[in-house]
Amino acid sequence: MALGVTPHAPVWGPVSDAELNSPQADAVAHTSGPLLVFAGAGSGKTRVITYRIANLVACARVPPHRILAVTFTNKAAGEMRDRLGRLLGDELARELWVGTFHATSAKLLRRHGEALGLPKNFVIYDTDDQKAVVNRALRALDLDEKRYPPRQCLARIHKEKQELRGPDEMEDGDPWIVKIYRAYDEQLRAANAVDFEDLIGLMVRLLEENPAGAGDALRRRFDYLLVDEFQDTNAAQYRFLKAFVRDHRNLCVVGDDDQSIYRWRGADVRNIRGFKHDFPDAHVVKLEQNYRSTARIVRAALGVIERSRERVPKDLWTANAAGAPIDLVATRDERDEAAHVVATIQEARARGVDPKEIAVFYRVHAQSRVIEEVLRAANVPYQIVGGTKFYERAEIKNALAYLRVLTNPASDVDLLRVINTPARGIGATSLERLVAFADAERVSLSTALGQLAEPRGVGAARAKAVGLGTAAGKLASFHEMMAGLRAKVGAERPSDLLGEVLERTGYLIALRAENTAESEARLENLAELKSSLFDYEQEAAAAGEPASLEGYLERVSLQSDVDGMKDASRVTLMTVHGAKGLEFELVLLTGMEQDMFPYRGMNPSGDHEVEEERRLAYVAITRARSRLVITHADTRQIFGTTRLGGPSPFLAEMPADTVAVKATAGRSASAVGRFIDRDDAYGQARRPWQHPQATARHAPAAPAVEPGERYVDREFFADSGSGAEEGGVGLHRGARVVHAQFGEGEVRSVVQASEPAVVVAFPGRGEKKILARFLRPA
DNA sequence: GATTGTGAGGTTTTT
DNA sequence: CCTCACAATC
């Protein structure tokens, strides 16, 4: 394939010509000025980045500590460091700066943040903490949380921050939002706390405003910046990069606009698409040869992504063998689907595939439970990535809150979390008064506590004055206890400190006293936390660094879902988002249905997001090396209701000869299956996305019949008739129907019952479950 | 002041 | 289906 790129011989010893193809070598050999690498799925992107870094160090003699590589997850950072260790030796690799935007920023802010008035002991507030801050802001402003849902307020604030707009630059019709934003920021600052966006925003301020020369100092740190997954950077991150490389412009960005899937998090695909505009002299390299997947998988993926609008032209190809057809399996419901998934996994294992080479993907976490249950029943080892995280469990959050408020007494959110945990008689009324007192004095809650606990009756008098007479003793003893513990921070190993905290605060005693299965589990989790702290200390010792409590807390705050992924011999369950950057021998992509993928939450309109969903599907497909099995279910119980879904529109875009259309044995025999066939809700559901070519190109597939399955001779992509009405009702989601008593309404979902039934939303009357025969079309 | 129960509301994807 | 806020009760 002609690539239009002059091949450079690698200028560097350890890498032989054979190890890199010509565009790869071109990118690796580039050593000065801006470089943009479009890296198609499976095109050896990580190889290029690591080799380029190795080349800079070994050949261009750049000291490793002057290179900053930004990755998307901590796990990716660790892997990159490992690979570089193999290329350069651990000694040199350890000196490199490799990390996420957030982790790197946190690290740099600890050293330079004081120029902006950010103390070294700042804490990072997670979403829960942030919500607590918004709630407090709402209360301070006397606003109704029904009118200003904290979640939405936060989303609004974060959107502003991602674009680097403060409350004063905010444009919003509602002045209260601005006030909330301002109060939120003030509270964070008062608590010596930052949110995720602040980590980036504060770095940009340091770099651009150069307080106390901190920006210049930062800029002098690095000679080269490399960014992976550049398509998923947001405006603030891009500005961070531009500010950093202002003087030398040695910025290498690597990414694939086809794999941009984090728009909802502020990512702007225009950063990569328009990179040439900001850096007109950028050298552009396209990596287009896929080494990962079979030709069928690559062509199927292309079928989906080629219908994307505005993509940078790319020509992904592979020299790999055609491989097996992709199974497109119709299933009856999510249980039937899960059963098929497990059967496929068992079959693969029987053929000798290592479970760690198998992954099950889904669009939303809520889909994981059924699959998990069936896997457990079948004794298949598995791990779930993401979902409810270890660190989000109440007991873990409590323990961490103790540790955080010990390192940073100003952190009110943490103090409020632990002041009455375990119960020590400091109730809502007392807290309300304490908060009021602290607000009036404009001090943190810890400081307020200190003032109320002052000796010789001064504090007691004050406490009485603000209505805290009876609680004063309890507050004082809590304060004393914390002061005692705080004296040990830094003097003891973090893991020992945790043990002491849990003992002295009475948390362990309280849990032991509970003596329930649940409290047992909590105790075990706390033991787990302690061992994770211990691991951290061991790691730090191995790296020759001090094991600071702050360091551990920071790591916990910035931990990502995939970071927790173990390399054990287990099947991996994760969302498609979590799968970015990974690859597996066998991928089972589940829930490929209308409304699930592309996912439409509650609002039926808006094909605005379809572009991103399309890219998400592309990412999912291209994770598979040899075998891809895609399933969809006729009905799916999710979020407490039953949804009806025809196959995802994306399936019809995969070329006919890349797929084998199948159905599980349970599916067509089911009542629901028959019902859907007969009523042709299936056909109705797929009409809007049907491409003219899709029908034409889908010659009847002749798939092999798998054991335990019956091939159903039914081309479900063929347009099986235009009429969707049988018995007078088109029973698909969104259909308008009329009921004799309730009037006109809209079908919300199909319900599994003895006969066809649906949930219908009637204006002003809410949703009702109604048998289909009582309805007629509107 | 703590504990328990009830109801309502909201449900994507995550550093 | 889950979480969270609040009310009722001890």
Side-chain angles (χ1 to χ4, degrees), chain A residues 70-77 99-106 124-128 130-132 135 139 144-146 149-152 154-155 158 161-162 194-200 229 232-234 236-237 260-267 361-370 385-389 391-392 394 420-432 470-471 474 510 514 554-564 574-580 591 595-603 609 612-613 615-617 619-620 636-643 766:
Chain A
V70 183
T71 59
F72 196 71
T73 62
N74 297 300
K75 180 168 180 276
T100 62
F101 274 105
H102 300 274
T104 304
S105 297
I124 301 164
Y125 276 2
D126 69 13
T127 315
D128 266 5
Q130 295 163 21
K131 235 174 92 192
N135 273 321
R139 286 190 53 189
D144 182 11
E145 65 177 28
K146 295 255 155 43
R151 244 186 98 92
Q152 281 173 38
L154 255 183
H158 286 154
K161 288 195 173 189
Q162 281 154 8
V194 298
D195 60 21
F196 295 123
E197 273 72 29
D198 287 339
L199 289 170
I200 314 295
E229 309 283 8
D232 280 320
T233 52
N234 63 32
Q237 290 164 340
S260 170
I261 57 175
Y262 282 93
R263 208 180 102 108
W264 50 273
R265 207 172 85 185
F361 298 161
Y362 33 78
R363 180 63 182 79
V364 296
H365 281 303
Q367 291 166 254
S368 71
R369 230 183 60 186
V370 182
V385 175
T388 39
K389 279 171 255 170
Y391 294 106
E392 283 169 9
N420 199 33
T421 313
R424 41 176 82 90
I426 304 174
T429 316
S430 302
L431 281 180
E432 209 173 291
T470 45
K474 295 166 186 165
E514 245 182 75
E554 179 174 307
R555 173 204 284 221
V556 167
S557 316
L558 297 176
Q559 204 163 71
S560 69
D561 278 346
V562 282
D563 294 343
M574 59 166 84
T575 63
V576 180
H577 281 89
K580 189 171 84 156
D595 290 358
M596 285 304 292
F597 209 153
Y599 189 82
R600 288 196 204 358
M602 314 239 86
N603 52 335
E609 311 294 326
E612 179 139 321
E613 298 284 325
R615 296 192 291 261
L616 195 53
V619 168
R636 177 179 302 277
Q637 286 211 41
I638 197 153
F639 300 129
T641 51
T642 306
R643 285 191 180 198

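Order of the sequence lines fixes the chain letters, A, B, ..., with proteins taken first and strands second; residue numbering starts at 1 for each chain.
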Discussion item. Check this one for me: any side-chain N or O of A/H365 less than 4.0 Å away from OP1 or OP2 of B/dT14?
Written reply: yes

Item to complete: Evaluate the ring planes of A/Y262 and A/F72, with Trp represented by its six-membered ring, and classify them as parallel (under 30°), tilted (30 to 60°) or perpendicular (over 60°).
Response: tilted

Discussion item. For a quick test of reading the model: is some side-chain N or O of A/N420 closer than 4.0 Å to OP1 or OP2 of B/dA2?
Written reply: yes

Fill in: Between B/dT13 (C1') and A/E612 (CD): distance, integer Å
9 Å

Item to complete: Ignoring backbone atoms, establish whether A/T429 has a side-chain N or O less than 4.0 Å from OP1 or OP2 of B/dG1.
Response: yes

Practice prompt. Mind checking A/F101 for me? I need base, sugar-phosphate or nothing, with any heavy atom below 4.0 Å counting as a touch.
Written response: nothing

Worksheet item: Any N or O donor-acceptor pair linking the side chain of A/W264 to the base of B/dT12 at under 3.5 Å?
Response: no

Practice prompt. Could you tell me whether the side chain of A/Q237 reaches within less than 4.5 Å of the side chain of A/V70, counting heavy atoms only?
Written response: no

Worksheet, complete the sentence: Walking DNA chain B from its 5' end, the first of A/H102 and A/I426 to be reached, judged by nearest nucleotide, is A/I426

Worksheet entry | Gap in Å between the two P atoms, one belonging to C/dC4 and one to B/dT13, rounded | 15 Å

Item to complete: Take the protein atom CZ of A/R600 and the nucleotide atom C1' of B/dT13, then report the distance between them rounded to whole Å.
Response: 16 Å

Discussion item. Donor-acceptor check, side chain of A/N420 to backbone of A/I426, threshold 3.5 angstrom: yes or no?
Written reply: yes

Worksheet item: Closer to the 5' end of DNA chain B via nearest nucleotide, is it A/S430 or A/A103?
Response: A/S430

Worksheet item: How close or far is atom P of B/dT11 from atom CD of A/Q367, stated in whole angstroms?
Response: 17 Å

Discussion item. Would A/F72 count as stacking on B/dT15 if stacking means ring centres less than 5.5 angstrom apart and planes tilted under 30 degrees?
Written reply: no

Worksheet item: Which listed nucleotide (B/dT15, B/dT13, B/dA2) is nearest to the side chain of A/R265?
Response: B/dT15

Worksheet item: Just how far, in rounded Å, is C1' of B/dT14 from CG of A/N74?
Response: 12 Å

Worksheet item: Does the side chain of A/R151 get closer than 4.0 angstrom to OP1 or OP2 of B/dT12 through an N or O atom?
Response: yes

Fill in: Side chain A/E613, main chain A/Y599, donor-acceptor under 3.5 Å
yes

Worksheet item: NA contact type, A/E145, heavy-atom cut-off 4.0 Å: base, sugar-phosphate, or nothing?
Response: sugar-phosphate

Worksheet item: Between atom CD in A/E229 and atom P in B/dT15, what is the gap in whole Å?
Response: 13 Å

Discussion item. Does B/dT14 have its OP1 or OP2 closer than 4.0 Å to a side-chain nitrogen or oxygen of A/T127?
Written reply: no

Item to complete: Figure out the NZ/C1' separation between A/K131 and B/dG10, and round it to whole Å.
Response: 10 Å

Item to complete: Please confirm whether the backbone N or O of A/S557 pairs with a side-chain atom of A/D126, one donor and one acceptor, at under 3.5 Å?
Response: no

Fill in: Spacing of A/Q130 atom CD relative to B/dT14 atom C1', expressed in whole Å
12 Å

Worksheet item: What's the CD-P distance between A/E554 and B/dT15, to the nearest Å?
Response: 15 Å

Worksheet item: For A/R369 and C/dC2, is the shortest distance between a side-chain N/O and OP1 or OP2 below 4.0 Å?
Response: yes

Worksheet item: NZ of A/K580 to CG of A/L616: how many Å apart, nearest 0.5 Å?
Response: 10.5 Å

